[in-house]
*Asks:* 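Pasting a structure below so you can have a look.
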Amino acid sequence: MIDTHCHLDAARFDEDRNEVLARAWAAGLHGIVIPGVGPHDWEPLRELSRQDARLQVGLGIHPQLLPDMPPEEDDAVLEHLDALLAKGGAAAVGECGLDGPSLPGAPLERQVMVLKRHLALARKHGLPVLMHCHRLHPALIELLKEEPLPEAGLLMHSYSGGVELARFYLQKGCHFSFAGPVTWAEARKPLDALRAIPLERLMAETDAPDQAPTPHRGTRSEPGYLPHILEGMARVRGEPVEEVARQTTENARRFFREAFPAPSR
């Protein structure tokens, strides 16, 4: 099992990060992808990955961070990101994307420009993209109609859209990752999409420390909860959990270019 999106560097893990990791490995995980959200965490994440190959990282600028960044610094920050990606050590570009609630502090035009630069960097460095999209799917669709996707792929992180949106992203060659909400009783739209997406395009994530699955909903999530999410995905699809776990793990290994070490037997 591979958790394809876990903010392990979040402050909420500062007191017990090693214990969290120990529980994750004990739960059967083979790898964790930690997405960078801004320049403050890029170097620490690269160091974390150097210490343990089971921890792979993405480097990017989260759209929710843009309101706190001066727009006149965008070029310099993106050039710094380019330089870091050139050094290696990253398995993906992102987390990046579009975020509706951030529009008052980061207008759509700026968000789109920054995202286009991320996609260009992914194409340049041969890396896949970890895509965040919240309440701005129409804008993302328009962008992807014009912008070529990186050959390495694009992963729709914590997908929450419906079937029709999923069909467009499937046609573009995207992959999809699902998190704790697939286990929530009131979930509807993403579950319809989950049933419609081919298993070979699916991955699993915790998005920890957020979006904890049932039975841990309302508490801090952690990577060791990934089996609950895989069980939820299997239940929704009507497939054996062993098969869903096997295929999503294989998908993640392939998507991240075999960055994770093979599990010991």
Side-chain angles (χ1 to χ4, degrees), residues 2-13 31-46 48-49 55-69 74 77-78 80-82 84-85 89-103 105-106 108 110-123 125 127-137 139-140 143-144 147 149-150 152-161 169 174-181 203-211 221-223 226 252 255-256 259:
I2 293 174
D3 185 349
T4 62
H5 202 102
C6 169
H7 296 280
L8 190 64
D9 58 330
R12 290 167 70 186
F13 291 121
I32 299 170
V33 179
I34 311 169
V37 299
H40 62 283
D41 63 9
W42 294 340
E43 283 292 3
L45 283 183
R46 292 178 75 240
L48 202 59
S49 183
L55 305 177
Q56 295 294 323
V57 303
L59 303 179
I61 304 168
H62 197 297
Q64 292 176 358
L65 204 71
L66 288 177
D68 300 324
M69 292 174 53
D74 287 352
V77 173
L78 287 160
H80 177 46
L81 176 57
D82 185 11
L84 282 184
L85 293 171
V93 172
E95 181 176 359
C96 56
L98 302 177
D99 188 77
S102 298
L103 288 175
L108 183 58
R110 182 184 178 204
Q111 291 196 35
V112 168
M113 181 278 293
V114 171
L115 178 54
K116 284 184 175 181
R117 294 280 294 275
H118 278 82
L119 292 171
L121 289 175
R123 292 192 298 267
H125 296 285
L127 293 170
V129 170
L130 306 177
M131 181 68 73
H132 168 103
C133 187
H134 184 43
R135 300 183 188 171
L136 280 179
H137 282 284
L140 179 61
L143 186 157
L144 294 181
E147 194 80 8
L149 262 65
L154 187 153
L155 178 59
M156 299 297 297
H157 136 68
S158 189
Y159 184 71
S160 59
Y169 295 125
C174 298
H175 287 72
F176 301 77
S177 184
F178 287 81
M203 296 180 226
E205 63 168 272
T206 59
D207 197 24
D210 300 317
Q211 303 198 90
S221 188
E222 58 179 71
L226 193 68
F255 186 82
F256 293 105

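Computed from a predicted model, the values in this text were never measured in an experiment. Basis for what follows: all heavy atoms, side chains included, without hydrogens, waters or symmetry-related copies.
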*Asks:* Looking only at non-hydrogen atoms, find the nearest pair between Ala208 and Ser221 and report the distance.
*Replies:*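 Looking at all heavy atoms of both residues, the closest pair is CB-O, 3.4 Å.
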*Asks:* So, does Gln111 use its side chain to make a donor-acceptor pair with the main chain of Ala106 at under 3.5 Å?
*Replies:*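 Between the backbone of Ala106 and the side chain of Gln111 there is a qualifying donor-acceptor contact (under 3.5 Å).
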*Asks:* Sequence neighbours excluded, which residues qualify as side chain to side chain donor-acceptor pair (under 3.5 Å) partners of Arg12?
*Replies:*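 In terms of side chain to side chain donor-acceptor pair (under 3.5 Å), with neighbours along the sequence ignored, Arg12 is linked to Asp210.
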*Asks:* Please examine the side chains of Cys174 and Leu149, heavy atoms only from C-beta on, and report whether any two atoms are closer than 4.5 Å.
*Replies:*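 They are in side-chain contact.
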*Asks:* Verify, without hydrogens or angle tests, whether Glu95 (side chain) and His132 (backbone) share a donor-acceptor contact under 3.5 angstrom.
*Replies:*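 Judged by distance alone, no pair lies under 3.5 Å.
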*Asks:* Of all residues at least two apart in sequence or in a different chain, which pass the ring pair (Phe, Tyr, Trp, His ring centres under 6.0 Å) check with His125?
*Replies:*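 If we apply the ring pair (Phe, Tyr, Trp, His ring centres under 6.0 Å) test to His125, skipping adjacent residues, there are no hits.
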*Asks:* What are the two closest non-hydrogen atoms of Asp207 and Glu205, and how far apart are they?
*Replies:*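 Smallest heavy-atom distance, with atoms named: CB-OE1, 3.4 Å.
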*Asks:* Closest approach of Ser102 and Pro67, non-hydrogen atoms and distance?
*Replies:*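 Where Ser102 meets Pro67 most closely, the heavy atoms are O-CG, 4.0 Å.
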*Asks:* Got Arg117 and Leu81 here, is their nearest side-chain heavy-atom distance under 4.5 Å?
*Replies:*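 Counting from C-beta outward, Arg117 and Leu81 never come under 4.5 Å.
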*Asks:* Does His5 have any ring pair (Phe, Tyr, Trp, His ring centres under 6.0 Å) partners at least two apart in sequence or in another chain, and if so, which?
*Replies:*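 Here the qualifying residues are His7, His157.
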*Asks:* If we only count heavy atoms from C-beta on, is the Pro128 to Leu155 side-chain gap below 4.5 Å?
*Replies:*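 A side-chain contact under 4.5 Å is absent here.
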*Asks:* Taking the side chain as everything from C-beta on, heavy atoms only, tell me whether Val37 gets closer than 4.5 Å to Gln64.
*Replies:*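 No, every pair of side-chain atoms sits at 4.5 Å or beyond.
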*Asks:* Which distance, rounded to the nearest 0.5 Å, do you find between the CG of Leu154 and the CG of Leu144?
*Replies:*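 Rounded to the nearest 0.5 Å, the CG-CG separation comes out at 6.5 Å.
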*Asks:* Which atoms form the tightest heavy-atom contact between Val77 and Pro39, and what is the distance?
*Replies:*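 Nearest heavy atoms, Val77 then Pro39: CG1-CG, 4.0 Å.
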*Asks:* Should Met69 and Arg110 count as side-chain neighbours, where that means a heavy-atom distance under 4.5 Å?
*Replies:*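 The answer is yes, as the side chains (C-beta and beyond) meet within the 4.5 Å cut-off.
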*Asks:* Yes or no on side-chain contact (heavy atoms from CB on, under 4.5 Å) for Phe256 and Gln56, after CA distance, side-chain angles and deciding distance?
*Replies:* CA-CA 9 Å; Phe256 293 105; Gln56 295 294 323; over 6 Å; no
*Asks:* How long is the gap from OG1 on Thr206 to CG on Asp3, to the nearest 0.5 Å?
*Replies:*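 It is 3.5 Å, given to the nearest 0.5 Å.
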*Asks:* If the condition is side chain to side chain donor-acceptor pair (under 3.5 Å), which residues does Tyr169 pass it with, not counting sequence neighbours?
*Replies:*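 Side chain to side chain donor-acceptor pair (under 3.5 Å) check on Tyr169 returns His137.
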*Asks:* Do you know the tightest heavy-atom contact between Ala90 and Leu127?
*Replies:*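 Between these two residues, the closest heavy atoms are O-CD2, 3.5 Å.
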*Asks:* Rounded at 0.5 Å granularity, tell me how far OG1 in Thr4 sits from CD1 in Ile32.
*Replies:*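 Rounded to the nearest 0.5 Å, the OG1-CD1 separation comes to 11.0 Å.
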*Asks:* Work out which heavy atom in Leu45 is nearest to a heavy atom in Gly58; give both atom names and the distance.
*Replies:*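 Scanning both residues completely, I find the closest heavy atoms to be CD1-O, 4.1 Å.
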*Asks:* Could you pull out all residues at least two apart from Ser158 that satisfy side chain to side chain donor-acceptor pair (under 3.5 Å)?
*Replies:*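 So Ser158 forms a side chain to side chain donor-acceptor pair (under 3.5 Å) with Gln211.
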*Asks:* Roughly how far, to the nearest 0.5 Å, is the CG atom of Leu143 from the CG atom of Leu115?
*Replies:*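 So the CG of Leu115 and the CG of Leu143 are separated by 5.5 Å.
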*Asks:* If you measure from CG on Asp82 to NE2 on His80, what distance do you get to the nearest 0.5 Å?
*Replies:*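 Here the rounded value is 11.0 Å.
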*Asks:* Any side-chain heavy atom of Asp41 sitting closer than 4.5 Å to one from Ile34?
*Replies:*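 Answer no - side chains too far apart.
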*Asks:* CG of Asp9 to CH2 of Trp42: how many Å apart, nearest 0.5 Å?
*Replies:*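 Answer rounded to 0.5 Å: 13.0 Å.
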*Asks:* Quick one: list whatever passes side chain to side chain donor-acceptor pair (under 3.5 Å) with His134, sequence neighbours left out.
*Replies:*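 Listed in chain order: nothing, the list is empty.
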*Asks:* Applying side-chain contact (heavy atoms from CB on, under 4.5 Å), run through Leu140 and Met156 and close with a yes or a no.
*Replies:* CA-CA 11 Å; Leu140 179 61; Met156 299 297 297; 3.9 Å; yes
*Asks:* With a 4.5 Å cut-off on side-chain heavy atoms, are Leu78 and Ile61 touching?
*Replies:*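 Yes, close enough: below the 4.5 Å cut-off.
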*Asks:* Would you call Arg46 and Leu59 a side-chain contact if the rule is heavy atoms closer than 4.5 Å?
*Replies:*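 Yes, close enough: below the 4.5 Å cut-off.
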*Asks:* Would you sort out whether Cys96 and Val129 count as a side-chain contact (heavy atoms from CB on, under 4.5 Å), showing the intermediate values?
*Replies:* CA-CA 8 Å; Cys96 56; Val129 170; 3.7 Å; yes
